[in-house]
Engineer: 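Here it is: the structure, laid out below.
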Amino acid sequence: MKTIIEPFKIKSVEPIKFTTKEERIKLLKEAGSNPFLLHAEDVLIDLLTDSGTSAMSAQQWAGIMNGDESYAGSKSFYKFEKTVKKITGMKYIIPTHQGRASERILFSIVGGKGKHIPNNTHFDTTRANIEFSGAEAVDLLNEEGKHPEIRTDFKGNMDVEKLKKFIENTGSENIPLCMITITNNSGGGQPVSMQNIREVKEVCNQYNIPLFLDACRFAENAYFIKIREKGYTDKPILEIVQEIFSYADGATMSAKKDALVNIGGFLAINDDELAQKCRNLLIVTEGFPTYGGLAGRDLEAVAQGLVEVLDENYLQYRIRSVEYLGEKLVAAGVPIIEPPGGHAIYIDAKRFLPSISPEQFPGQALTCELYIHGGIRAVEIGSVMFGKYDSEGNLIPPSMELVRLAIPRRVYTQSHIDYVAEKIIEVYEKRSQIKGLKITYQATMLRHFTARFEKIDD
Ligand code: P71
């Protein structure tokens, strides 16, 4: 394969701090063996998330200076609205401060006890907002998507047959909307095919259920469609994106991902009545509908980011740089979800640490080791994040124990990534020495953010 270069020059840099292994052991202990509780300054390469961690372009920074901070009717809002409308084709665009604010507003209105929301896989904030409203969040991922070692093109696809059965059994009147998350973050950043989106929409139409997209990584998903799905190779990304949204009745968006900004989000809706209700709730909790919890300058940066993310050179570099890390790990035998996803590499902690049971959180144990060994911060997506408990307090683990290495957009260079691969491979070589963990503190919801752990010494 020919070298694909970063399609940008670096105009402004931020130094990173080097620490010793001894310092990191102490720092991690103080953080309760939870990388979320580390000071970011003490992290060398931060792969905790690709959310809100993008480097903005000179044009976006120029937009920041151009922001119109009028309380109502800001010029920046109309620019933002125009851009989002062009991409989504939706009638109503409601700015929010981030994705979960869109989710909370939407599910406070359509959720509630007795309601059920299917998705390919709900991300944790979506699930939490649905459950917080009293409704049930249901995952209907295609079987392939549940097997890390199977290499197929669209492992984020929803199981359409399961969806039909689910609707028949639950009753369409109890399903206010169906969602598809593009790309499927919890399932490995795997894309959803256009065909699958179309088929899900057809089923939704049969039962009169609106289809909503959780659109955080819509451009990355569109690029996968372009390179993997028949009939899309010669289509411009914008056209692919527009087709994706044409099948949806609404979308929740965290602009912190594919809008290349550090904060922001929106709700896009076609239905008049639902949009009106969302706006009314927005005014109570986020702000006036032309800023929705953001500054005018943030809206400018989102509008510009949404243009830049559709650039094919950018997307080619983006998808390739994640794949590059994946290839290095696979070549060394490190088990990952294959093929690599769009925004992250997911290490299969079950195969990496087969002797640590889900009760002892193999994913969390691995994130600790990556920090201690290489100063790398990753996030566990496994029993800590998604574990449930039966009435006797026994863990019901999710199907996968993963460690996510999320790659911030336009932030790290190829040598940073080479270093990450090198360190992970070194950890893999001494994996038999890694010990499991037990929880010493946990919150009742979204426990992974604040839980504290201790090493189990046997
Ligand atoms: C990610 C995040 C942000 C995050 C969440 C939990 C732990 C660590 C970091 C956020 C998403 C997402 C999808 C598919 C909705 C949200 C919420 N992802 N849907 O992956 O991936 O957006 O953060 O702007 O509220 O690191 P929000």
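All ligand and atom numbering here is 1-based and tracks the order in the structure. All of these numbers come straight from a predicted model, not from anything done at the bench.
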Engineer: If the criterion is any heavy atom closer than 4.0 Å to an atom of ligand 1, which residues make the list?
Structural biologist: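 Lining ligand 1: Phe36, Thr49, Ser51, Gln98, Gly99, Arg100, Glu103, Phe123, Asp124, Thr125, Thr181, Asn185, Asp214, Cys216, Arg217, Ser254, Lys256, Lys257, Arg404, Phe449.
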Engineer: For Tyr317 together with Phe8, are the ring centres under 6.0 Å from each other?
Structural biologist: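 Yes: the rings meet the under 6.0 Å criterion.
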Engineer: Could you tell me whether a side-chain N or O of Asn120 sits under 3.5 Å from a main-chain N or O of Gly156, the two making a donor and an acceptor?
Structural biologist: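 Yes: the side chain of Asn120 pairs with the backbone of Gly156.
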Engineer: Should the pair Phe453 and Phe361 be assigned to parallel (<30°), tilted (30 to 60°) or perpendicular (>60°) ring geometry?
Structural biologist: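 Rings of Phe453 and Phe361: perpendicular, as their planes differ by over 60°.
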Engineer: Calculate, to the nearest 0.5 Å, the distance between atoms NZ and CD belonging to Lys438 and Gln364 respectively.
Structural biologist: 15.0 Å
Engineer: Do the ring planes of Tyr71 and Phe288 sit parallel (below 30°), tilted (30 to 60°) or perpendicular (above 60°)?
Structural biologist: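 Plane angle between 30° and 60°, so tilted.
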Engineer: Could you check whether Tyr291 and Phe77 have their ring centres less than 6.0 Å apart?
Structural biologist: no
